[in-house]
Amino acid sequence: MASTVTLTVNGTTVTREVEERTLLVHFLRDILHLTGTHIGCDTSQCGACTVHVDGRSVKSCTMLAVQADGSTVTTIEGLAAPDGTLHPMQAAFREHHGLQCGFCTPGMVMSAVDLVRANPTPSETEIREGLEGNICRCTGYHNIVKAVMAGAEAMNGGTLKAAAE
Amino acid sequence: MANPNGIGAPVRRREDARFLTGRGSYTDDINRPNQTFAYMLRSPHAHADIISIDTADALVSPGVRHVFTGADMAADGVNSLPCGWLIHNKDGTPMKEPPHYPIARDRARYVGDIVAVVVAESREQAKDAAELIVVDYAERPAVASIRAALDGTAELVHDDVPGNVCYDWHLGDKAATDAAFARAAHVATIDLVNNRLVPNAMEPRAAIGEYDPANGEHTLTTTSQNPHVIRLLMGAFVLGIPEHKLRVVAPDVGGGFGSKIFHYGEEAIVTWAAKKVGRPVKWTAERGESFLSDAHGRDHISHAELAMDADGNFLGLRVKTDANMGAYLSTFSTSIPTYLYATLLAGQYKTPAIYAEVTAVFTNTAPVDAYRGAGRPEACFLIERLVDIAAQKLGMDPTALRRRNFIPKEAMPYLTPVALQYDTGDFAKNLDMALPMVDYAGFAARRAESAARGKLRGIGFATYIEACGIAPSNIAGALGARAGLYESAEVRFHPTGSVSVFTGSHSHGQGHETTFAQLVADRFGIPIENVDIIHGDTAKIPFGMGTYGSRSLAVGGSALVKAMDKVERKARKIAAHLMEAAETDIEVKDGRFTVAGTDKGVTIGDIALAAYVPHNFPLDELEPGLDEQAFYDPKNFTYPNGCHICEVEIDPDTGVTKILNFTAVDDFGRVINPLIVEGQVHGGIVQGIGQALYENCVYDEETGQLLTGSYMDYCMPRADDVPSFTVAYHEDAPCTHNPLGVKGCGEAGTIGAAAAVINAVVNALSDYGITHIDMPATPEKVWRVIHAHKPAMAAE
Amino acid sequence: MYNFTYHRPATLADAVSLLGSLEDGKALSGGQTLLPTLKQRLASPADLVDLSGVPDLKGVREEAGGLTIGAFTRHADVAGSDVVARVIPALAHLAGGIGDRQVRHMGTLGGSIANADPAADYPAAVVGLGAWVRTDRREIAGDDFFTGMFETALEPGELVTAVHFPKPDAAGYAKFANPASRYAMVGVFIARFGASVRVAVTGAGPFATRVPAMEAALAASFTADAVAGVTVPPDGLNSDLHASAEYRAHLITVMAKRAMEAMR
């Protein structure tokens with residue numbers, strides 16, 4: 001059972017024929033070869049697959065590609081500026097060493113951007129609670145929280161705060 | 001002029017550029033032309049004879065290319081997955097080492113044991129077909145725990161392993177220890193369970209097998225921490241592929257924590273199947289499979305006693321530990337509860353006599369092997385809990401009792417009664433640094449303030465030492481290691497002065513591409529952008545042992561220094577030639593080679609160009625080129641150590657423990673990149689907190705079913721479970737036997753944290769008449785303690 | 001997951017007619033429970049009827065002083081709704097604590113209650129507020145809607161279209177989340193309507209139910225202290241790896257107290 005889906009992914013409109021059981025994450029990874037979106041669990045908890053659908057963070061492992069038909073999807077590959085300039089949140093993760101193995105990172109960054117769009121000046125507690133749906137095994141979250149704080153400031157037009165040295 | 005990206009600089013990571021933009025290349029991101037997909041059909045039973053397997057319907061299912069069983073592998077002469085460390089029993093006989101086939105042959109021994117493999121055109125088609133395979137099982141009773149395994153009447157996991165005992169091993173001087181207990185004024189005792197954990201690297205394991213009939217070459221791309229080890233084990237022992245015809249690539253790897261050291265059956269299966277199928281075969285674990293089949297960690301039951309004199313001086317330590325190996329021996333499983341555990345039982349203390357006995361048992365559970373810390377967290381937890389119990393018993397402050405028994409720095413190097421020689425360490429300094437950071441003096445007031453709000457506050461200490469960079473090879477070999485423990489590096493200068501470094505270490509989060517490049521930039525005074533670190537591909541790098549046991553910088557970094565030494569020796573000769581000076585007059589600083597007493601000088605770039613375009617070059621004396629390789633085999637372990645302090649507050653209504661503060665002071669020797677080091681500590685701490693408060697791998701005692709097989713039931717620490725941390729380190733006691741003075745930082749957090757947390761929890765509950773609570777200290781467990789005991793104060 | 005045929009009707013009538021005519025059809029709402037279930041091959045419906053294209057099922061409006069929330073309204077939209085925050089702030093608080101951010105962006109009210117997970121949050125509000133569940137064919141009282149573990153009063157093919165929540169004078173919700181899954185291990189919703197009080201518990205038993213002893217105690221004195229002394233027997237409560245029935249019973253009292261403290 002196949003269906004045709006049309007989505008705008010990172011600014012480009014794509015139309016593909018897919019098996020209806022195809023998850024959005026498989027559509028992105030296997031069909032569009034956008035492998036920055038990862039799969040870390042099978043129970044919709046780890047958040048490694050987080051992308052934005054119509055401007056909101058969702059777990060792309062828990063959405064069918066056909067459900068996203070007609071939607072606008074942004075993945076980690078679409079976050080930086082076309083000239084390659086990192087999004088302030090990406091830059092903040094680098095500056096504050098908010099990633100180690102990098103596997104949860106795309107989902108974490110997409111969640112952080114969504115979080116800050118909804119709450120431009122989150123407290124540490126709000127950041128920690130807001131990232132409840134993303135599991136990281138490497139960083140102990142400490143530097144992720146610092147990165148999101150700094151990324152929020154930069155997204156609000158401030159300069160990116162440097163990591164303390 | 002110091003290099004801004006040199007040693008000691010918090011250089012922002014270079015690898016982040018690809019990880020942050022979704023351009024990492026993890027195994028599952030890689031697709032090969034014409035690839036097929038494997039699905040592993042796993043036993044749903046913990047213990048069952050395989051009577052028959054009917055694959056007929058699966059074979060005709062849409063998209064299916066092949067279905068393989070253990071019999072197919074046996075027919076091809078595929079061997080058992082080897083164990084890398086031979087342990088001898090107390091009586092000198094070797095341990096039991098039953099075969100561990102990639103696909104089970106006659107019997108399945110744990111839920112998740114592979115019984116058949118479907119190869120199809122798509123993942124879903126392979127899975128669809130696997131449901132059509134009919135396996136006729138004859139179930140046997142499951143042996144699901146250590147206690148069950150050692151029950152004299154237990155079913156045997158392996159018919160030729162009586163009593164389910166893999167080995168019965170000991171270390172230390174029993175007579176001296178018994179004598180210490182005979183004259184003890186006080187004895188502190190503990191019975192504890194070190195809870196079983198699932199490592200849970202966020203990237204599930206994956207593997208792609210390829211075979212090129214044109215030249216007979218096999219390629220395995222896999223989620224490994226040590227591709228050469230996999231090549232050696234799989235090529236030489238399992239599949240019989242000569243190493244020059246087998247390439248193993250470990251690309252970007254999404255975390256390991258030990259679980260990706262080992263050679264797993266799936267790696268052999270896809271490599272073997274690719275040749276059978278004639279197309280690439282890819283397998284990626286679903287998280288549920290990871291839970292079932294990744295090697296688990298910890299799982300000890302211990303009884304320990306500490307003998308003290310009247311003043312609290314430690315006289316002797318006696319430890320009896322039963323350790324779960326699971327159903328089969330994973331690659332380094334046997335070494336974990338022995339040489340990486342019992343040897344650490346001295347901790348930071350001058351306990352003169354120690355005797356440890358370890359019984360390793362087989363059970364119908366997933367294999368158990370190294371998980372971050374591997375043996376050392378278990379040792380630290382046992383000692384540090386016992387020391388707290390001793391302090392409680394003596395009515396002493398826990399820091400005072402520790403201080404009284406610390407090995408003084410003046411005693412270094414110090415030979416422990418459990419076979420290690422600590423080279424350096426200043427344990428009192430760690431504590432001196434840490435106590436003001438946590439305002440220990442103000443704790444009583446904080447506890448009272450919590451009590452006023454109806455909450456229970458506790459503080460806990462853990463002073464740990466670990467042994468990293470396991471070595472030297474000859475001694476490890478004498479103790480049963482079946483592999484070398486050196487590391488390799490090659491430093492290849494290019495004609496225009498840029499450098500490619502090939503390292504046998506493997507980075508799966510540790511940031512080698514930055515730290516190792518800092519070493520090169522620092523040494524040769526070149527921009528860090530001119531240095532690339534290449535790792536993870538046996539076709540590119542010299543034979544290396546990979547990354548585990550916090551060894552990368554201490555062993556791999558030292559190999560890199562040795563290779564740079566060789567480069568410099570040659571460069572010196574070239575410089576002397578270029579400047580028409582005597583070699584003995586050449587001075588080297590920050591990559592600049594000058595003639596003493598003159599203003600003549602050349603850079604390493606000039607020298608590299610001369611080496612590759614040898615028009616003006618001492619060709620009669622030197623070969624062209626500037627490309628050197630080195631292997632480094634350490635003389636000793638390194639001994640990172642530190643002091644971790646945790647402060648908790650318990651809500652007696654719910655039993656919930658909240659961590660208010662966690663402070664770590666560590667001695668990692670010299671620090672190359674403080675940003676990365678601190679990140680390693682943070683991550684380690686949370687894995688320790690996870691073990692202490694949240695994580696627990698549970699099998700059903702009766703059926704051997706894994707009850708915590710997903711994130712719905714296995715509790716991973718999340719951002720809102722933990723606070724931010726305070727971490728500090730000192731560099732006053734660098735390692736004495738490696739050229740960088742480094743000790744390693746990868747596991748420290750995990751080693752110290754669990755003990756600090758539980759000591760804090762027990763401290764918070766000190767009015768409730770308990771001396772110990774097993775991990776994880778879940779809300780219900782804590783609540784039960786509170787409700788089972790009336791507070792001592794209330795009874796007064 | 002197994003293959004299925006996907007439908008996305010544009011009207012409620014079409015959705016109802018599809019679900020009525022398909023042999024083995026299943027409504028797909030936010031999918032946050034259904035899709036994981038399908039991925040694990042624990043269910044194999046032949047057809048999925050996606051409700052996202054039905055405009056009638058979405059949105060929050062004030063009705064008869066209370067709130068009527070369309071079945072396809074996502075948790076994040078309830079949590080973020082100014083109207084909900086004004087009329088029944090405890091309901092906004094509850095919705096804002098379901099799952100995690102990403103789940104709240106997809107999951108829906110109707111999907112949650114039709115699934116009737118014993119550990120879901122919304123059932124506590126449906127029962128605790130004495131809500132009315134509207135379907136394509138009738139209204140079902142909140143007290144009658146949940147009938148067992150993953151069981152409701154819905155007939156085959158019957159579709160939840162909206163839930164009407166009467167406005168209480170005050171309401172509060174407190175939950176003790178399962179540390180692993182973050183579902184409610186025990187969640188207590190308390191609402192006062194004049195002199196009468198409703199107390200509903202989710203997570204503790206097979207389905208959300210009321211606690212008459214607590215309701216009586218709170219009707220006599222609507223204070224946290226009044227409920228602190230009311231204990232609930234553990235009989236019939238869930239018992240699993242994470243919490244015994246006895247501990248859950250204890251937590252009901254603690255969470256009831258906290259729901260009172262969170263009264264808004």
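Here the structure is a predicted model, which means the values were calculated and not measured. Chain A is the first sequence line, chain B the second, and so forth, proteins listed ahead of strands; every chain is numbered from 1.
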(request) For C:Gln32 and A:Thr62, indicate whether the former's side chain and the latter's backbone hold a donor-acceptor pair under 3.5 Å. (result) yes
Expected contact set for residues 100-112 of chain A against chain C at heavy-atom separation under 4.5 Å reads A:Ser111
Can you tell me if C:Lys39 uses its side chain to pair, donor with acceptor, with the backbone of A:Cys61 under 3.5 Å? yes
So, the part of C:Ser181 with a heavy atom under 4.5 Å from chain A: the answer is both
Q.
Using only atom types and a distance under 3.5 Å, with no angle test, would you say the side chain of C:His105 pairs donor to acceptor with the backbone of A:Ser57?
A. yes
task: Would you indicate whether A:Glu17, at its atom CD, is surrounded by more than 12 heavy atoms from other residues, nucleotides or ligands within a distance under 6.0 Å?
output: yes
Scored by heavy-atom pairs under 4.5 Å with chain C, the best of A:Thr50, A:Leu131, A:Thr22 is A:Thr50
Checklist entry - Within a radius of less than 6.0 Å around CG of C:Asp24, do more than 12 heavy atoms belonging to other residues, nucleotides or ligands occur? => result yes
Show your working on side chain to side chain donor-acceptor pair (under 3.5 Å) between C:Gln102 and A:Asn134 and close with a plain yes or no. CA-CA 9 Å; C:Gln102 297 96 311; A:Asn134 293 78; 2.8 Å; yes
Is C:Asp50 close to A:Val66 at the side-chain level, that is, under 4.5 Å between some pair of heavy atoms? no
Practice task
For the pair C:Val103 and A:Val58, evaluate side-chain contact (heavy atoms from CB on, under 4.5 Å) and give the outcome as yes or no after the intermediate values.
Solution key: CA-CA 7 Å; C:Val103 165; A:Val58 303; over 6 Å; no
Review point. Is there side-chain contact between A:Asp69 and C:Arg8, with at least one heavy-atom pair below 4.5 Å?
Key: yes
- Evaluate side chain to side chain donor-acceptor pair (under 3.5 Å) for C:Asn3 paired with A:Glu20, printing each intermediate quantity in order. CA-CA 7 Å; C:Asn3 245 323; A:Glu20 293 177 336; over 6 Å; no
Against chain A, residues from residues 106-118 of chain C with at least one heavy atom under 4.5 Å, in numeric order, are C:Met106
Of A:Gln67, A:Met63, A:Arg21, the largest count of non-hydrogen pairs under 4.5 angstrom with chain C goes to A:Arg21
task = Take atom NZ of C:Lys58 as the centre, draw a 6.0 Å sphere, and report whether it contains more than 12 heavy atoms from other residues, nucleotides or ligands.
result = yes
The interface call for C:Ala180 against chain A, heavy-atom contacts under 4.5 Å, is backbone
Okay, C:Ser52 and chain A: the region with an atom under 4.5 Å from a heavy atom over there is neither
The interface call for C:Leu38 against chain A, heavy-atom contacts under 4.5 Å, is neither
For A:Thr43 and C:Gln40 the tightest heavy-atom approach is CG2-NE2, 3.8 Å
Carboxylate-amine/guanidinium proximity below 4.0 Å for A:Glu132 and C:Arg101: no
So, the part of C:Leu48 with a heavy atom under 4.5 Å from chain A: the answer is side chain
Interatomic distance, CD@A:Glu19 vs OH@C:Tyr6, rounded to 0.5 Å, equals 15.5 Å
